[in-house]
A.B. asks: 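Pasting a structure here, questions to come.
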Amino acid sequence: LDKYENENFIMAGTSAGAAASSNNMIYQGSSHEALLKGEVKITGGLGFINNVIVDTHFVQRGRIGRLLYACASNPINLGVGLGEDTGLLITNGTDMEAIGSGLVMLVDATHMRDTNMTDMDMGEPVSIEHLIVHVMTLGDHFELKSKKLTIHKEKVKVE
């Protein structure tokens, strides 16, 4: 972590390695029961990127519920759902560029208006109002500080 913060250093991870790259990570939770209170479990990650929580195999395993729950339970985190053959190139800890052939979904709960999460018993479904969702593909950029998505409109050649 010291080397990452103080030197020119590249950190890469796929699957669990990508999920563990942030300061918080999802370590348990089925896709079909993710929006039931207590089903998604979160623990500390490696801390290479703060205020982000990453989920992998996102589209193929239907993990949107896991990310919605994780963000609603800790709205400071930006949820990042990585599809297969897709990743993010993060420069200077703030600019995220989508790479690969699939998509990246982002869930922003910082403007969440309401949830019944604290009022429900364990195992009961939760309600969440006003999450913002972005979908990124190859060449799109997302600025973490301003939370601005810039969609790349020119076709990118993949060699």
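All residue numbers refer to positions in the sequence shown, counting from 1.
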A.B. asks: Can you tell me how far apart CD (Gln60) and CD (Glu84) are? Round to the nearest 0.5 Å.
C.D. replies: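 It is 4.0 Å, given to the nearest 0.5 Å.
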A.B. asks: Out of curiosity, Leu131 CG to Arg113 CZ, how far, rounded to the nearest 0.5 Å?
C.D. replies: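 The CZ atom of Arg113 is 11.0 Å from CG of Leu131, to the nearest 0.5 Å.
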A.B. asks: Using the rule that Ile, Leu, Val, Met, Phe, Trp and Tyr join whenever any side-chain heavy atoms are under 4.5 Å apart, tell me whether Val54 and Tyr27 fall into a single cluster.
C.D. replies: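 Val54 does not cluster with Tyr27.
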A.B. asks: For side-chain contact (heavy atoms from CB on, under 4.5 Å), just list the numbers for Leu82 and Leu88, CA-CA rounded to whole Å, side-chain angles, deciding distance to a tenth of an Å, and then say yes or no.
C.D. replies: CA-CA 8 Å; Leu82 297 175; Leu88 288 173; 4.2 Å; yes
A.B. asks: First locate atom CD of Gln28, then atom CZ of Arg66, and finally report the distance between them rounded to the nearest 0.5 Å.
C.D. replies: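 Reported value, rounded in 0.5 Å steps: 9.0 Å.
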A.B. asks: How about His141 and Asp95: does a side-chain donor come under 3.5 Å of a side-chain acceptor?
C.D. replies: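 A pair is found: one side chain offers a donor N or O, the other an acceptor, under 3.5 Å apart.
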A.B. asks: Determine, stepwise, if the pair Met96 / Leu106 fulfils side-chain contact (heavy atoms from CB on, under 4.5 Å).
C.D. replies: CA-CA 11 Å; Met96 302 190 316; Leu106 304 176; 4.0 Å; yes
A.B. asks: Are Leu144 and Ile53 co-members of a hydrophobic cluster defined by side-chain heavy atoms under 4.5 Å apart?
C.D. replies: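 No, separate clusters.
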A.B. asks: Shared ILVMFWY cluster between Tyr69 and Val107, side chains joined below 4.5 angstrom?
C.D. replies: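 Yes; tracing contacts between hydrophobic side chains, which count when under 4.5 Å, links both residues.
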A.B. asks: Side chains of Asp108 and Thr110: any donor to acceptor distance under 3.5 Å?
C.D. replies: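 Short answer, yes.
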A.B. asks: Heavy-atom count check: over 12 atoms from other residues, nucleotides or ligands less than 6.0 Å from Leu89 CG?
C.D. replies: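 Counting neighbours around CG of Leu89, more than 12 heavy atoms of other residues, nucleotides or ligands fall under 6.0 Å, so yes.
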A.B. asks: Looking at side-chain heavy atoms only, is the closest gap between Glu124 and Lys37 below 4.5 Å?
C.D. replies: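 The answer is no; the side chains never approach within 4.5 Å.
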A.B. asks: Could you tell me whether a side-chain N or O of Asn51 sits under 3.5 Å from a main-chain N or O of Leu78, the two making a donor and an acceptor?
C.D. replies: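 Answer holds: no.
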A.B. asks: Donor-acceptor pair, Asn24 side chain versus Gly44 backbone, under 3.5 Å?
C.D. replies: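 Not confirmed, Asn24 side chain does not pair with Gly44 backbone.
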A.B. asks: I'd like to check Thr56 versus Ser15 (side-chain heavy atoms, cut-off strictly below 4.5 Å). Are they in contact?
C.D. replies: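 Yes, their side chains come closer than 4.5 Å.
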A.B. asks: Compare every heavy atom of Phe142 with every heavy atom of Lys147, then report the nearest pair and how far apart it is.
C.D. replies: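 Result for this residue pair: CA-CZ, 3.4 Å.
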A.B. asks: Where is the tightest heavy-atom contact between Ile42 and Ser73, given as atom of each residue plus distance?
C.D. replies: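 Where Ile42 meets Ser73 most closely, the heavy atoms are CD1-OG, 4.0 Å.
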A.B. asks: To the nearest 0.5 Å, tell me how far Leu149 CG sits from Ile132 CD1.
C.D. replies: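 Leu149 CG to Ile132 CD1: 11.5 Å, rounded to 0.5 Å.
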A.B. asks: State, with a plain yes or no, whether a side-chain heavy atom of Asn77 is found less than 4.5 Å away from one of Asn23.
C.D. replies: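 The answer is yes; the side chains approach within 4.5 Å.
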A.B. asks: Step by step, would you call Leu36 with Val126 a side-chain contact (heavy atoms from CB on, under 4.5 Å)?
C.D. replies: CA-CA 6 Å; Leu36 301 179; Val126 297; over 6 Å; no
A.B. asks: When rounded to the nearest 0.5 angstrom, what is the spacing between CD1 in Ile99 and CE in Met136?
C.D. replies: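 Output value for this atom pair is 10.5 Å.
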A.B. asks: Do you know the tightest heavy-atom contact between Ile128 and Ala72?
C.D. replies: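 Shortest heavy-atom contact: CD1-CB, 3.5 Å.
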A.B. asks: Please check if the side chain of Ser22 supplies one atom and the backbone of Val52 the other of a donor-acceptor pair under 3.5 Å.
C.D. replies: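 Present.
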A.B. asks: Using every non-hydrogen atom in the two residues, find where Pro75 and Ala109 come nearest and quote the distance to one decimal.
C.D. replies: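 Scanning both residues completely, I find the closest heavy atoms to be CB-O, 3.5 Å.
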A.B. asks: Indicate if Val135 and Leu68 have the same hydrophobic cluster label, given that clusters are the connected sets of ILVMFWY residues with side-chain heavy-atom separations under 4.5 angstrom.
C.D. replies: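 Val135 and Leu68: one cluster.
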A.B. asks: Same cluster or not: are Met105 and Leu67 linked, directly or through other Ile, Leu, Val, Met, Phe, Trp or Tyr residues, by side-chain heavy atoms under 4.5 angstrom apart?
C.D. replies: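 Same cluster: Met105 reaches Leu67 through Ile, Leu, Val, Met, Phe, Trp or Tyr contacts under 4.5 Å.
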A.B. asks: Between atom CD of Glu97 and atom CD1 of Ile90, what is the distance when rounded to the nearest 0.5 Å?
C.D. replies: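 Interatomic distance, Glu97 CD to Ile90 CD1, rounded to 0.5 Å: 11.5 Å.
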A.B. asks: Below 4.5 Å, heavy atoms only, C-beta onward: do Val80 and Val104 meet side chain to side chain?
C.D. replies: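 In short, these two side chains touch, coming nearer than 4.5 Å.
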